[in-house]
**Q** 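The structure's right below; bear with me while I get my questions together.
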2 protein chains.
Amino acid sequence: MASLSPYTASSLKAELNSRGWRMTPQREKILHVFQNLPKGDHLSAEELHNLLEKRGEPISLSTIYRSVKLMARMGILRELELAEGHKHYEVNQPYPHHHHHLVCIQCNKTIEFNNDSILKQSLKQSEKEGFQLIDCQLTVMAICPEALRMGWPSGLPSNWSCTRSISESKKADSAAESEQKKETET
Amino acid sequence: MASLSPYTASSLKAELNSRGWRMTPQREKILHVFQNLPKGDHLSAEELHNLLEKRGEPISLSTIYRSVKLMARMGILRELELAEGHKHYEVNQPYPHHHHHLVCIQCNKTIEFNNDSILKQSLKQSEKEGFQLIDCQLTVMAICPEALRMGWPSGLPSNWSCTRSISESKKADSAAESEQKKETET
DNA sequence: GACTAATTGATAATAAATCTCAAATGCTCT
DNA sequence: AGAGCATTTGAGATTTATTATCAATTAGTC
Ligand SMILES: [Mn+2]
Ligand SMILES: [Mn+2]
Ligand SMILES: [Zn+2]
Ligand SMILES: [Zn+2]
């Protein structure tokens, strides 16, 4: 535990102090939570707040938001947009531990995957434009098998996919989708 | 104009009607705006609202939000998270017009780029897990040359990058960053 | 141990997006 | 062309994630 992560309480303190900032029990506890988070897990500010409260180490929601944002800017945490209306955080692990996310847009199940070539291509693209690469996040939006079994998401065309060529989209669209009707708006 | 996009007012009407929904002047105007949007541009709900207002064809903000969301679910628009706190929209163009975004996290300048291999790898990853691919979005977060000239973003370590190996991050971090201090919090 | 600036916690304030509902309107079927 | 009716709109209220404010506390320095 915590052995894979480069940050310890004392290295965090060093990093903070070097910038004129301070180590606090709150920041240490938050770091600890993320370091011991099971691989593949992500936390929102609210979830982190609840988790610490249940653990008997409550931290105010303001401080949670502030800390998590600060640690993201420091490069300790990574801020993720996992399509839900709120941000999620995880320990930031640069290359070669960098990874991306496959997300079910129906139930939000998330699966991580590694792919160095994406990072390589992001770097290439950044350099081509004279940008300095900070991070790159590929979010693959999809429907998981369980959600599929419940039926294709109402409101989505039955053949929706970014791989579908534009011309294809014009045929085979009329049948088999008259029972979907209103459901989306209710 | 509008020739590259598969949707016309009448094909949108057909698509809507086939689902028991209706074509309205509002929806037509919104479609029209996106179809004539310069390549590489993106609009937020608010921006679209202002644009139509200035054009003398005002549509209520509620309707803007509703329409843009509906059209995204129909596959007509693509909903983007461009690291700003609100969503942006563009005409959705499946393969082979599918593209990704390089974004300056300092000034939000956005540059589009094509890369079929990313789509291919997203598809592979989806299939491997039994997911049905809907869309994939690579967001490359970086600092643009202009922003770099204004100085490395305060609060960010001077060597922040997802390409930086973890071990490297431990050296060369002490000097040259004592003048950054408070600025972030003010 | 005292000094001082950074941090916390409680609360108020923002801002994006959604919800509510009466009035208006598009579509279908004569 | 017109009636009927479910859908849509617009105005405003509401929700929810996040940030701002500020007095009280606390960490780091000397
Ligand atoms: Mn992850
Ligand atoms: Mn784009
Ligand atoms: Zn799912
Ligand atoms: Zn910039």
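All chains are named by letter (A, B, ...) in the order of the sequence lines, taking the proteins before the strands, and each is independently numbered beginning at 1. Because the structure is a prediction, the values reported are computed rather than measured.
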**Q** Answer yes or no: does a side-chain N or O of A/Lys69 lie under 4.0 Å from OP1 or OP2 of D/dT19?
**A** yes

**Q** Rounded to the Å, how far apart are A/Leu70 CG and D/dA27 C1'?
**A** 15 Å

**Q** Round to a whole Å and report the spacing from CG of B/Leu43 to P of C/dA17.
**A** 13 Å

**Q** Atom CD1 of B/Ile59 to atom P of D/dA11: distance rounded to whole Å?
**A** 12 Å

**Q** In whole Å, what is the span from the CD atom of A/Glu46 to the P atom of D/dT15?
**A** 16 Å

**Q** Only counting residues at least two apart or in another chain, list the ones meeting side-chain contact (heavy atoms from CB on, under 4.5 Å) with B/Ser10.
**A** B/Thr8

**Q** Would you call A/Glu79-A/Lys69 a salt bridge at under 4.0 Å N-O?
**A** yes

**Q** So B/Leu61, base contact, sugar-phosphate only, or nothing? Heavy-atom distance under 4.0 Å.
**A** nothing

**Q** Between B/Glu146 and B/Lys109, is there a salt bridge with N-O shorter than 4.0 Å?
**A** yes

**Q** Mind calculating the distance between CE (B/Met23) and P (C/dA24) to the nearest angstrom?
**A** 23 Å

**Q** Taking the nucleotide of DNA chain D with the closest heavy atom to each, which residue, B/Ser62 or B/Gln26, is nearer the 5' end?
**A** B/Gln26

**Q** Between P on D/dT18 and NZ on B/Lys87, what's the gap in Å once rounded to a whole number?
**A** 11 Å

**Q** For a quick test of reading the model: is some side-chain N or O of A/Ser44 closer than 4.0 Å to OP1 or OP2 of D/dA17?
**A** no

**Q** Please tell me if B/Arg66 has a side-chain N or O lying less than 4.0 Å from either OP1 or OP2 of C/dT18.
**A** no

**Q** Taking atom types as modelled and ignoring hydrogens, do the side chains of A/Asn115 and A/His98 form a donor-acceptor contact shorter than 3.5 angstrom?
**A** no

**Q** Between A/His100 and A/Phe113, how do the two ring planes meet: parallel, tilted or perpendicular, split at 30° and 60°?
**A** tilted

**Q** What's the closest nucleotide to the side chain of B/Asn17 if the choices are C/dA17, D/dA17, C/dC27?
**A** C/dC27

**Q** Below 4.0 angstrom from OP1 or OP2 of C/dG9, is there any side-chain N or O of A/Thr63?
**A** yes

**Q** Reckon B/Thr24 has a side-chain N or O less than 4.0 Å from the OP1 or OP2 of D/dT9?
**A** yes

**Q** Nearest to the side chain of A/His86 - D/dA27, D/dT18, D/dT9?
**A** D/dT18

**Q** By nearest heavy atom, map B/Pro25 and B/Tyr89 onto DNA chain C; which one lands nearer the 5' end?
**A** B/Tyr89

**Q** Can you tell me how far C1' of C/dT28 sits from CZ of B/Arg22, to the nearest Å?
**A** 9 Å

**Q** Output the single nucleotide from C/dC27, D/dA27, D/dT8 whose closest atom is nearest the side chain of B/Trp21.
**A** D/dT8

**Q** Heavy atoms from C-beta onward define the side chain here; which of C/dC27, D/dT26, C/dT18 lies closest to that of B/Tyr65?
**A** C/dT18

**Q** To the nearest Å, how far apart are A/Leu48 CG and D/dT18 P?
**A** 12 Å

**Q** Would you mind telling me which of C/dC27, C/dT8, D/dT18 lies closest to the side-chain atoms of B/Lys13?
**A** C/dC27

**Q** Check the orientation of A/His42 and A/His99. Use parallel for under 30°, tilted for 30 to 60°, and perpendicular for over 60°.
**A** tilted

